[in-house]
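Working notes for the structure below.
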Amino acid sequence: MEYKSEKDFLEAYNPEEFKRVSVTADVLLLSVSSYENDNYRKTDEKHMSVLLIKRSTYPFKDKWCFPGGFVQYDENLDDAPARILKDETNLSDIYLEQLYTYGDVKRDPRMRILSTSYMALVDKDRLTGKLSDDASWFDIKIFEEGKNIDIFLTNGEKDISIKLEKVLRDATTDRYDFKILENKDLAFDHAKVLLSGIERLRNKVNYTDIVFNMMPEYFTLGELQSVYEVILNKKLLDPAFRRIIEPKVEKTDKMRTGEGHRPSVLFKYKKEK
């Protein structure tokens, strides 16, 4: 049917003729924090954590997932993740960036849903708000052997084990997808989102200052290096790291003393003016 004007088209348009697709936003909230070390001569061990929500309703009742929810009809897409974080976790003012959109036809058993995922970064030791009762931080350990990847998550009470396979999507761009081989406790396709987000973070720490969203205001160079090593999952050479990081930080007149350690100079992020 041909229309003479935009007005004629809008008057004749019937949205019921089209099958509906719903849109959600899911937030992968990551942090790097310290385990306390009993040996005062050693720096506290760092670990990466992810915030998960225990679902109280179907589908996936009693499974764990990222904070997420439907994008409201009158809401801009990029406004949704901050609202969702506040509603579901009671956290706010956290760094967010869009990751990927996931649209597998059967990713949600309720209906056809497209989900745009976001990566959020924070130093959870600086959080002052109380988490919602159904939210919990899970420590992350990742083991990679060839194309096989094992992920272990624990909050001290619940252990989650996931197995994935890395599948080449495009050899010309070295782009990969992830196939879930084993997963009983993480809802939807969030196992893929978790791994994709961590890979994005690993890539970006090499050419951006994104890591400082996970740091306290003041830190030692050793602490900063430990955060890089946790994210990259490898040990870095001290002299090489310090040459690379030197333009990004500035020395302060503050010192960390006590706790059995030698006094250490504290640095802070050097923001561009």
Side-chain angles (χ1 to χ4, degrees), residues 20-31 33 47-96 98-122 124-125 127-142 151-164 178 180-198:
R20 296 179 180 177
V21 176
S22 296
V23 179
T24 62
D26 294 313
V27 183
L28 169 62
L29 180 55
L30 297 171
S31 175
S33 309
H47 63 283
M48 189 183 297
S49 303
V50 59
L51 187 73
L52 299 180
I53 305 290
K54 188 173 184 179
R55 291 183 58 81
S56 59
T57 59
Y58 294 102
F60 302 107
K61 187 175 184 294
D62 295 327
K63 305 295 185 183
W64 293 85
C65 67
F66 302 145
F70 288 92
V71 179
Q72 297 174 355
Y73 184 79
D74 58 351
E75 181 177 45
N76 291 327
L77 177 60
D78 284 341
D79 292 335
R83 172 187 59 78
I84 288 167
L85 267 182
K86 181 63 177 176
D87 290 347
E88 293 205 0
T89 68
N90 198 35
L91 300 179
S92 58
D93 298 322
I94 290 174
Y95 172 85
L96 284 156
Q98 191 176 126
L99 281 174
Y100 306 102
T101 296
Y102 293 82
D104 289 352
V105 174
K106 296 182 179 180
R107 67 173 302 276
D108 192 307
R110 292 170 292 185
M111 63 189 84
R112 183 75 170 95
I113 292 180
L114 300 179
S115 177
T116 299
S117 62
Y118 288 79
M119 178 172 64
L121 304 176
V122 69
K124 71 184 175 103
D125 293 335
L127 295 176
T128 56
K130 182 181 182 300
L131 283 177
S132 302
D133 291 339
D134 55 356
S136 179
W137 287 101
F138 280 73
D139 296 342
I140 306 170
K141 288 193 177 297
I142 300 177
I151 301 177
F152 298 98
L153 310 176
T154 183
N155 66 354
E157 297 179 357
K158 175 66 178 178
D159 296 331
I160 297 175
S161 178
I162 305 165
K163 293 183 180 294
L164 302 101
F178 300 106
I180 300 174
L181 303 179
E182 181 182 311
N183 172 38
K184 296 180 180 179
D185 296 299
L186 203 57
F188 305 106
D189 50 7
H190 288 181
K192 292 182 181 180
V193 181
L194 173 62
L195 198 52
S196 297
I198 290 175

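Keep in mind that the numbers below use all heavy atoms, side chains included, and drop hydrogens, waters and symmetry copies.
- The residues Arg83 and Asp79 are annotated as not salt-bridged, no charged nitrogen and carboxylate oxygen being separated by less than 4.0 angstrom.
- When the options Ser92, Pro67, Pro81 are evaluated for a side-chain contact (heavy atoms from CB on, under 4.5 Å) with Lys86, the one that passes is Ser92.
- In terms of the side-chain hydrogen bond (donor to acceptor under 3.5 Å, both in side chains) criterion, Ser117 has no residue partners (sequence neighbours excluded).
- In this structure, Trp137 and Ser31 have side chains that are in contact, with non-hydrogen atoms separated by less than 4.5 Å.
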Can you list the steps and then say if Glu88 with Val27 is a side-chain contact (heavy atoms from CB on, under 4.5 Å)? CA-CA 11 Å; Glu88 293 205 0; Val27 183; over 6 Å; no
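- Rounding to the nearest 0.5 Å gives a distance of 10.0 Å between CG of Leu96 and CD1 of Ile84.
- A distance of 5.5 Å separates CD1 of Ile94 from CG of Leu85, quoted to the nearest 0.5 Å.
- Between the side chain of Asn90 and the main chain of Lys130, a donor-acceptor pair closer than 3.5 Å is present.
- Considering only heavy atoms from C-beta on, Asp26 stays 4.5 Å or farther from Val193 through its side chain.
- Here CZ of Phe188 is found 8.0 Å from OG1 of Thr24. Values are rounded to the nearest 0.5 Å.
- A donor-acceptor contact shorter than 3.5 Å links the side chain of Asp108 to the backbone of Arg110.
- With sequence neighbours excluded, no residue forms a salt bridge (charged side-chain N to carboxylate O under 4.0 Å, His left out) with Arg112.
- Legend: residues meeting side-chain contact (heavy atoms from CB on, under 4.5 Å) with Asp159, ordered by chain and number and at least two apart, are Thr154.
- Every residue two or more places apart in sequence or in another chain that forms a side-chain hydrogen bond (donor to acceptor under 3.5 Å, both in side chains) with Thr101 is listed here: Thr116.
- Inter-residue side-chain proximity for Tyr102 and Ser196 is flagged as met; some heavy-atom pair is nearer than 4.5 Å.
- With a 4.5 Å cut-off on side-chain heavy atoms, Val50 and His190 do not count as touching.
- Within 6.0 Å of the CG atom in Asp125, the count of heavy atoms belonging to other residues, nucleotides or ligands exceeds 12.
- Pairs engaging residues 70-96 under the ring pair (Phe, Tyr, Trp, His ring centres under 6.0 Å) rule: none recorded [sequence neighbours left out].
- Looking only at side-chain heavy atoms (C-beta outward), Leu52 and Leu153 come within less than 4.5 Å of each other.
- Counting heavy atoms from C-beta on, the side chains of Leu194 and Ile140 come closer than 4.5 Å.
- Pairs engaging residues 54-66 under the side-chain hydrogen bond (donor to acceptor under 3.5 Å, both in side chains) rule: none recorded [sequence neighbours left out].
- Between Asn155 and Phe138 the shortest side-chain heavy-atom distance falls below 4.5 Å.
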Stepwise, does the side-chain contact (heavy atoms from CB on, under 4.5 Å) test hold for Leu91 with Val122? CA-CA 10 Å; Leu91 300 179; Val122 69; over 6 Å; no
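- Checking side-chain atoms of Ser22 against main-chain N and O of Ile113 turns up no donor-acceptor pair under 3.5 Å.
- Between the side chain of Asp104 and the backbone N or O of Lys106 there is no donor-acceptor pair closer than 3.5 Å.
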Just do the side-chain contact (heavy atoms from CB on, under 4.5 Å) check on Ile142 and Met48 with the steps written out, would you? CA-CA 10 Å; Ile142 300 177; Met48 189 183 297; over 6 Å; no
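- A 4.5 Å side-chain heavy-atom check between Leu51 and Leu131 finds at least one atom pair inside the cut-off.
- Remark: the backbone N or O of Lys192 is not paired with any side-chain donor or acceptor of Asp189 at under 3.5 angstrom.
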